[in-house]
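Take a look at the structure below.
Atoms within each ligand, like the ligands themselves, are counted from 1 in listed order.
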Amino acid sequence: MNTLKTPVKRATGFIAASLLLFAGMAGLAQAALPDGAAIEAALKKAFTDYRKLEEGANADYIPALAEVDPNVYGIALVTTDGKVYTVGDLKTEVSIQSISKVFTMAKVIEESGPRSIPENMGVDATGQVFNSIVAVEQYKGREMNAMVNPGAITATSMVKGDSYDAIWNSILDYYSDFAGRKLTVQEDIYKSEAATNQRNQAIAMLMHAYGHIEDDPLQANDIYTRQCSVGVNARDLATMAATLANGGKNPVTGKQLVSPKNINEILAVMATAGLYDDSGQWLYKTGLPAKSGVGGGIIAVSPGKFGIAVISPPLDPAGNSVRAQKAIADISNALGGNPYEVVPR
Ligand code: GLU
């Protein structure tokens, strides 16, 4: 009488086993991203929770940054399947500043291979501030990384091109492809930093003296200053981050900008040194490779899931946007964005 039952049981067992196998093959030890309504709710909550937070202050060592409206506050999240979620100010652009370092490093790796970065400036935390001269002196320009100024200016010097304009245009075009629209320089920010960046000039000269920057260190520093002055809004930044989350392919435009095999190294350096001296604390809280800039932006990458960005100019003493850190941590943690968070099989 149970002739009917047995095959049903077998079939059920077979389906369950197939599902498990499928889950294993698809790497489903990580929970999937919640639906769009949950993402929207997480963004709205973080926006509201921190809108009134009045901590921190604009950077002012670049005089024009002190003039930026501290109330600008925008959040954007772009999923790896190209959906865009936003709240707050999406129009106002701030200068990308140090977030640019990620994309110039990506360009160097694409042009010269992933070994080019560790072989020149290294991929280690310096334990010093981002524009430290001591850090250069300590290992003669080695044992550092492309997220701090000596490494970043050196990375800019490694971008291929026959002239200032050729190098600059290829950097700007590359950033624009990440954002999915033509980006431009905020000239007032560029002029202000170019007039006051003697310390970075000194760093560039030292990196040249130690053989890391081959030719014209002051040109490299000037192009670096220009790349830091590119204007971006929160949506631009989130799309740039989402391109890294999506194996190097811009999920909105579909353009492949970094070879998938080169993404790991970029995210590793972001995780090591993306949030200045608080990079370890940030990783402990969120697990997300991220990069912040003194213009008030932070990008973060949840690999395979989403890129997120928040713009809010007031910074904490470490140089990271106060609201951006809180909003990104809350949103990502609410959505299971931490790549170290795994559910047992
Ligand atoms: N252009 C800035 C500098 O080199 C970038 C600093 C930053 O955002 O960390 O000082």
Query raised in the report: In terms of ring plane angle, is the pair Tyr175 and Phe103 parallel, tilted or perpendicular, where the classes change at 30° and 60°?
Result: perpendicular
Q. On the ring face of Tyr190, is Arg226 found with NZ or CZ under 6.0 Å from the centre and within 45° of the axis?
A. yes
Checklist line | Axial cation check for Tyr73 ring with Arg323, 6.0 Å and 45° limits | finding: yes
In plain terms, say whether Asp89 and Lys91 are close enough for a salt bridge, that is, a side-chain N and a carboxylate O under 4.0 Å apart. no
Any heavy atom of Thr225 under 4.0 Å from ligand 1? The part involved is neither
If we number the atoms of ligand 1 from 1 as shown, the ones under 4.0 Å from a heavy atom of Asn149 are 3 (C), 4 (O), 10 (O)
Counting from 1 in the order shown, the ligand 1 atoms closer than 4.0 Å to a non-hydrogen atom of Val294 are 6 (C), 7 (C), 8 (O), 9 (O)
Honestly, for Cys228 the part within reach of ligand 1 (heavy atoms, under 4.0 Å) is side chain
Here the atoms of ligand 1 under 4.0 Å from any heavy atom belonging to Tyr276 are 7 (C), 8 (O), 9 (O)
In short, Ala125 meets Asn145 closest at the heavy-atom pair CA-ND2, 4.0 Å
**Asked** Is the closest side-chain donor-acceptor distance between Gln227 and Thr156 under 3.5 Å?
**Response** yes
Hey, does Glu193 come in under 3.5 Å of ligand 1, counting only N/O atoms on both sides?
yes
Look at ligand 1 and say whether Asn131 reaches it with a heavy atom at a distance under 4.0 Å. no
